[in-house]
Amino acid sequence: MGLSQYIFTATCTDEMTSKMAHQVSCQSVTIFEQLCLTGRVFANNKQGLAVVEGPTGLVEQYFQALSSDVLLETILLHSSHSIKVREFSDFSIWINLRQEYYFTDKVRRLTKNSIKEALPKSPSARLKIMAEAYLQGDMLAAA
């Protein structure tokens, strides 16, 4: 089975609190590691940008499952394509929240300065365009 990369954005419902966003992030890391998926999620408790990589079937199943999440108001798939190699060697979530939470090496604080650390040294054109377009303004303001 080949590899795929999905790049998508999502908007959360008003029910998503900062505490819930942190808890979901911690749970997501465990799921991604069990499924051997790689990538990044950049989020606050209102919106997110995700890059998910792995075996095509698993990536598709993950995206379909996420599409039915009641805490998501919208989910937009911007890119889904086959890849020969993964851009990311691991999975982590970079999150910007108003409250202070326990952060780890897999659930990290998203700031203007940490974005460069989260991205690969040489991101693909797709990833670079999405990151530059999305990781500014509202995303970097703790919601």
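These numbers come from a predicted model, not from an experiment.
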Report all side-chain donor-acceptor pairs from residues 1-10 shorter than 3.5 Å, counting only partners two or more places apart or in another chain.
{"residue": "S4", "atom": "OG", "partner": "T56", "partner atom": "OG1", "Å": "2.7"}
{"residue": "Q5", "atom": "OE1", "partner": "H81", "partner atom": "NE2", "Å": "3.3"}
{"residue": "Q5", "atom": "NE2", "partner": "E53", "partner atom": "OE2", "Å": "2.9"}
{"residue": "Q5", "atom": "NE2", "partner": "E87", "partner atom": "OE2", "Å": "3.0"}
{"residue": "T9", "atom": "OG1", "partner": "H78", "partner atom": "NE2", "Å": "2.7"}

Hey, can you pull the donor-acceptor pairs under 3.5 Å for the side chains in residues 20-33, sequence neighbours left out?
{"residue": "H22", "atom": "NE2", "partner": "Y102", "partner atom": "O", "Å": "2.8"}
{"residue": "S25", "atom": "OG", "partner": "A21", "partner atom": "O", "Å": "2.7"}
{"residue": "S28", "atom": "OG", "partner": "V24", "partner atom": "O", "Å": "2.8"}

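Contacts of T104 classified as side-chain hydrogen bond (donor to acceptor under 3.5 Å, both in side chains), with partners at least two apart in sequence or in another chain: none. A search for side-chain hydrogen bond (donor to acceptor under 3.5 Å, both in side chains) contacts involving T11 returns T74, not counting sequence neighbours. Take Q64 and apply the side-chain hydrogen bond (donor to acceptor under 3.5 Å, both in side chains) test, not counting sequence neighbours, and it matches no residue. Judged as a side-chain hydrogen bond (donor to acceptor under 3.5 Å, both in side chains), and not counting sequence neighbours, D69 has no contacts.
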**Request:** Walk me through it: do T13 and V70 pass the test side chain to side chain contact (heavy atoms under 4.5 Å, CB included)?
**Result:** CA-CA 8 Å; T13 64; V70 297; over 6 Å; no
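Here the CZ atom belonging to R40 is positioned 8.5 Å from the CZ atom belonging to F91, to the nearest 0.5 angstrom. C36 contributes atom SG, which lies 8.5 Å from atom CG of L58 (distance to the nearest 0.5 angstrom). Here the CD1 atom belonging to I75 is positioned 9.5 Å from the OG atom belonging to S68, to the nearest 0.5 angstrom. One finds the OG atom of S114 at 8.0 Å from the CZ atom of F42 (value rounded to the nearest 0.5 Å). The distance from atom CG of L110 to atom CD1 of I115, rounded to the nearest 0.5 Å, is 5.5 Å. The line from NZ of K46 to CG of N44 is 8.5 Å long, rounded to the nearest 0.5 Å.
In this structure, the side chains of L49 and L135 come closer than 4.5 Å at one or more pairs of heavy atoms. For the pair F63 and V52, the minimum side-chain heavy-atom distance is 4.5 Å or more. Proximity of S92 to D105: side-chain heavy atoms (C-beta onward) are nowhere separated by under 4.5 Å.
Nearest approach of P120 to F88, heavy atoms of both residues: CD-CE2, 3.4 Å. Minimum heavy-atom separation, P55 to L37: CD-CD2, 4.3 Å. Taking every heavy atom of both residues into account, W94 and A118 meet most closely at CE2-CB, 3.3 Å.
A chain of hydrophobic side-chain contacts below 4.5 Å, direct or via other Ile, Leu, Val, Met, Phe, Trp or Tyr residues, connects L35 to L66. Grouping the Ile, Leu, Val, Met, Phe, Trp and Tyr side chains by contacts below 4.5 angstrom, directly or via other members, places L72 with Y62. Linking Ile, Leu, Val, Met, Phe, Trp and Tyr whenever their side-chain heavy atoms come within less than 4.5 Å leaves I83 and L127 in two separate clusters.
At distances below 3.5 Å, at least one donor-acceptor pair connects side-chain atoms of N45 with backbone N or O atoms of M16.
Hydrophobic side-chain contacts under 4.5 Å tie I129 to no other Ile, Leu, Val, Met, Phe, Trp or Tyr residue.
Each salt bridge (Lys or Arg N to Asp or Glu O under 4.0 Å) pair with one or both residues in residues 113-130, not counting sequence neighbours, appears once here: R108-E117.
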